[in-house]
Amino acid sequence: MAGVDALALIGGTRAEEIGASVEAAIRGGRLRPGQPLPPVRRLAEHLAISPSTVAAAYRELRARGLVTAAGRNGTRVGPRPPLAAPFADALPQGVRDLASGNPDPALLPALVTQVSSERRLYGDAANFEPLLELARSSFNADGIAAGQVAVVGGALDGIERVLGAHLRAGDRVAVEDPCYAATRHLLLALGLEPVPVAIDDAGMLPEALAGALRGRLEALVVVPRAQNPTGAALDSGRAEALATLLRTRPEVLVIEDDHAGPIAGVPLHSLTQRAGTDRWAYVRSVSKWLGPDLRVAVLAGDAVTVSRVDGRQRLGTGWVSHLLQRMVVELWSDPEVLRLVKHAAEVYRRRREGLIATLAAHGIRARGRSGLNVWIEVDDEQAALARLLEAGFAAAPGERFRLHAPPGIRIGSAVLREGEAELIAAALTEERVVTDRARSG
């Protein structure tokens with residue numbers, strides 16, 4: 001839908017009315033993610049109002065994460081606006097979903113448990129102590145200081161609570177580029193400004209982080225391993241180099257999102273524990289290795305941060321369901337489940353490395369040192385996605401994840417079946433040949 005069509009969807013004479021009409025169009029699916037909005041002056045002329053009124057409406061929509069300012073490209077609907085809207089299109093019949101980045105259901109433990117008959121009441125302890133003990137043991141084994149631990153409703157819930165505990169709208173937060181799309185969208189919804197930091201297979205590049213630290217920066221969100229979408233993972237040398245830079249800015253809040261945990265396929269090299277920052281949080285979710293429906297994560301951090309997270313939680317949801325917490329303890333303590341988790345990590349490694357090797361044999365550059373995804377470098381994302389769809393595979397466009405990084409696509413390697421890597425490589429090789437011919441022509 002072009003900008004002229006968007007013009008007819010926006011109405012009102014006051015900034016609040018204009019904003020409400022844009023929100024309604026997004027909510028109803030008439031304005032789609034990435035769609036351009038009319039320029040300020042053009043919309044002002046159409047509505048016969050002052051340009052400053054339109055600018056104020058767009059400013060408020062940006063602060064709420066509904067739209068983004070794209071420089072010369074104008075104002076656009078955000079890639080994932082924080083509204084319940086009909087944005088996801090159903091895949092054609094027979095197409096394999098390699099876009100979602102899900103774990104393989106066959107490698108997740110069965111969520112069968114003996115539900116406790118204990119009645120929970122208001123005022124009871126928010127956190128289930130056996131889960132805290134398991135978390136501390138796991139953290140200590142990985143060198144994470146676990147003096148203060150909280151239970152939150154998943155990794156993003158923990159990240160949001162930590163950001164809300166310390167930051168205010170307008171604050172700047174460094175993120176990997178490309179980065180997990182939901183993290184960037186969360187920052188925008190909170191009115192925070194993402195600051196892109198370039199990465200390679202070992203995580204953030206020191207020179208790129210140094211550049212971000214030279215300006216105003218309040219926080220850093222980093223994925224130490226199984227980085228989504230590229231599979232990057234910090235090694236000891238890179239973690240130390242980044243920590244050395246952060247030691248010059250101890251006031252910067254550092255958040256580590258270890259969402260894949262034991263199925264990442266590589267050891268943890270924690271940045272928070274090396275940097276010695278005043279404010280920090282380390283979040284470990286169980287969703288990728290015990291099951292996405294277990295909306296539980298454990299969070300360690302400095303005393304002030306964990307206290308604020310706990311306190312804010314008590315004012316809202318109160319606590320994470322003890323039924324879920326008990327289920328996590330049962331699964332996390334079960335030797336058979338732990339053996340399955342270890343097996344899953346090995347299967348994911350083989351599938352990931354197998355895809356990368358097959359692509360390399362066809363001259364296609366790809367990376368994925370850890371985790372559940374592989375990042376493939378392409379010249380034209382849409383052409384590559386179209387060729388894959390013709391071959392029966394849906395992948396994720398890199399534009400969802402990129403800020404300034406070059407084009408690429410993400411394939412969820414965790415659910416690959418035998419023989420599919422060769423089909424994917426063949427489809428992308430054909431796409432590359434077509435692109436090369438177009439250039440030569």
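Throughout, residue positions are numbered sequentially from 1 according to the sequence presented.
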Visitor: When you measure from the side chain of Glu381 to the backbone of Pro397, do you find a donor-acceptor pair of N or O atoms at a distance under 3.5 Å?
Guide: no

Visitor: Ignoring hydrogens and angles, state whether a donor on the side chain of Arg295 or Ser287 is under 3.5 Å from an acceptor on the partner side chain.
Guide: yes

Visitor: List the residues meeting side chain to side chain donor-acceptor pair (under 3.5 Å) with Asp157, not counting sequence neighbours, and say none if there are none.
Guide: Arg161

Visitor: What distance separates Ile263 CD1 from Arg225 CZ, expressed to the nearest 0.5 Å?
Guide: 10.0 Å

Visitor: Check Pro81 against Ile26 and note the closest heavy-atom contact, atom names and distance.
Guide: CG-CG2, 3.8 Å

Visitor: Within the 3.5 Å criterion, strictly below it, is a donor on Arg308 or His166 matched to an acceptor on the partner's side chain?
Guide: yes

Visitor: Looking at Arg76 and Gly34, what are the two nearest heavy atoms and their distance?
Guide: NH1-O, 2.9 Å

Visitor: Please list, chain by chain and in numerical order, all residues satisfying ring pair (Phe, Tyr, Trp, His ring centres under 6.0 Å) with Phe128, sequence neighbours excluded.
Guide: His322

Visitor: Check the side chains of Glu256 and Ser270 for a donor-acceptor pair under 3.5 angstrom, ignoring hydrogens and angles.
Guide: yes

Visitor: For Leu220, which of Leu242, Thr272, Val254 qualifies under side chain to side chain contact (heavy atoms under 4.5 Å, CB included)?
Guide: Val254

Visitor: Is Arg410 reaching over with its side chain to a backbone N or O of Pro229, donor-acceptor style, under 3.5 angstrom?
Guide: no

Visitor: Are there more than 12 heavy atoms of other residues, nucleotides or ligands under 6.0 Å from atom CZ of Arg365?
Guide: no

Visitor: Enter the distance from Leu213:CG to Leu246:CG here, rounded to the nearest 0.5 Å.
Guide: 5.5 Å

Visitor: Considering non-hydrogen atoms only, spot the tightest contact between Ala110 and Leu331 and give its length.
Guide: O-CD2, 4.0 Å

Visitor: Start with the C-alpha gap between Arg274 and His269, add the side-chain angles, then the distance that decides, and say whether side-chain contact (heavy atoms from CB on, under 4.5 Å) holds.
Guide: CA-CA 9 Å; Arg274 295 171 184 257; His269 294 283; 3.8 Å; yes

Visitor: Specify the closest pair of heavy atoms between Leu7 and Arg42, including all atoms of both residues, with the distance to one decimal.
Guide: CD2-NE, 4.2 Å

Visitor: Compare all side-chain heavy atoms of Leu37 with those of Leu43 and state whether any distance is below 4.5 angstrom.
Guide: no

Visitor: Tell me every residue that passes side chain to side chain donor-acceptor pair (under 3.5 Å) with Arg184, counting only those two or more places apart in sequence or in another chain.
Guide: none

Visitor: Under a 3.5 Å distance rule, please check whether Arg351 uses its side chain to pair with a backbone N or O of Ala414 as donor and acceptor.
Guide: yes

Visitor: Taking atom CG of Leu47 and atom CZ of Arg14, what is their separation to the nearest 0.5 Å?
Guide: 13.5 Å

Visitor: Is there a donor-acceptor contact under 3.5 Å from the side chain of Gln325 to the main chain of Leu132?
Guide: no

Visitor: Testing the basics here: between Val197 and Ala212, what is the closest heavy-atom pair and its distance to 0.1 Å?
Guide: CG2-CB, 4.2 Å

Visitor: From Asp177 CG over to Ile199 CD1, what is the distance, rounded to the nearest 0.5 angstrom?
Guide: 7.5 Å

Visitor: Regarding Glu60 and Arg62, does a basic nitrogen lie under 4.0 Å from an acidic carboxylate oxygen?
Guide: no

Visitor: Determine, step by step, whether Val222 and Gln227 satisfy the side-chain contact (heavy atoms from CB on, under 4.5 Å) criterion, reporting the C-alpha distance in whole Å, the side-chain angles of both residues, the deciding distance to 0.1 Å, and the verdict.
Guide: CA-CA 9 Å; Val222 62; Gln227 198 268 352; over 6 Å; no

Visitor: How about Leu372 and Tyr348: do any of their side-chain heavy atoms sit closer than 4.5 Å?
Guide: yes

Visitor: Rounded at 0.5 Å granularity, tell me how far CG in Leu187 sits from CD in Glu160.
Guide: 10.0 Å

Visitor: Please step through side-chain contact (heavy atoms from CB on, under 4.5 Å) for the pair Arg284 and Asp142, ending with a clear verdict.
Guide: CA-CA 12 Å; Arg284 178 171 293 174; Asp142 284 328; 2.7 Å; yes

Visitor: Given side chains that start at C-beta, do those of Val296 and Met327 come closer than 4.5 Å, heavy atoms only?
Guide: no

Visitor: Sequence neighbours excluded, which residues qualify as ring pair (Phe, Tyr, Trp, His ring centres under 6.0 Å) partners of Phe139?
Guide: Tyr282

Visitor: Under 4.5 Å between any side-chain heavy atoms of Ile144 and Asp258, yes or no?
Guide: no

Visitor: Counting N and O atoms only, with roles assigned by atom type, does the side chain of Glu176 sit under 3.5 Å from a partner on the main chain of Val223, one being a donor and the other an acceptor?
Guide: yes

Visitor: Quick one, Leu66 with Val22, criterion side-chain contact (heavy atoms from CB on, under 4.5 Å). Give me CA distance, side-chain angles, the key distance, then yes/no.
Guide: CA-CA 9 Å; Leu66 295 175; Val22 171; 5.9 Å; no

Visitor: Are the side chains of Ser21 and Leu9 in touch, meaning some heavy atoms are under 4.5 Å apart?
Guide: no

Visitor: Check whether His259 reaches the backbone of Ala226 with its side chain - one donor and one acceptor, N or O, closer than 3.5 Å.
Guide: yes

Visitor: Near Arg247 CZ, under 6.0 Å, is it more than 12 heavy atoms from other residues, nucleotides or ligands?
Guide: yes

Visitor: Could you pull out all residues at least two apart from Thr13 that satisfy side chain to side chain donor-acceptor pair (under 3.5 Å)?
Guide: Glu17

Visitor: Taking 4.0 angstrom as the limit, do Asp302 and Arg279 come out as a salt bridge?
Guide: no

Visitor: Could you tell me whether a side-chain N or O of Ser138 sits under 3.5 Å from a main-chain N or O of Ala135, the two making a donor and an acceptor?
Guide: no

Visitor: Side chain of Gln313, backbone of Val152: donor and acceptor closer than 3.5 Å?
Guide: no

Visitor: To check you understand the geometry: which heavy-atom pair defines the closest contact between Ala281 and Thr305, and what is its length?
Guide: CB-CG2, 4.3 Å

Visitor: Enter the distance from Ile411:CD1 to Leu385:CG here, rounded to the nearest 0.5 Å.
Guide: 9.0 Å

Visitor: Donor-acceptor pair, distance only, cut-off 3.5 Å: does the side chain of Arg249 make one with the backbone of Leu217?
Guide: yes

Visitor: Treating Ser100 as the side-chain partner and Asn102 as the backbone partner, does any N or O pair qualify as donor plus acceptor under 3.5 Å?
Guide: no

Visitor: Any side-chain heavy-atom pair from Met204 and Leu271 closer than 4.5 angstrom?
Guide: no

Visitor: Quick check on Asp293: does its CG atom have over 12 non-hydrogen neighbours (other residues, nucleotides or ligands) under 6.0 Å away?
Guide: no

Visitor: Assign the ring pair Phe401 / Trp375 to parallel, tilted or perpendicular, where the plane angle (0 to 90°) is split at 30° and 60°.
Guide: perpendicular

Visitor: With a 4.5 Å heavy-atom cut-off, do Arg238 and Pro206 have their side chains touching?
Guide: yes

Visitor: Between Leu388 and Leu428, is there a side-chain heavy-atom distance shorter than 4.5 Å?
Guide: yes

Visitor: Can you list everything that forms a ring pair (Phe, Tyr, Trp, His ring centres under 6.0 Å) with Trp332? Sequence neighbours excluded, please.
Guide: Trp289

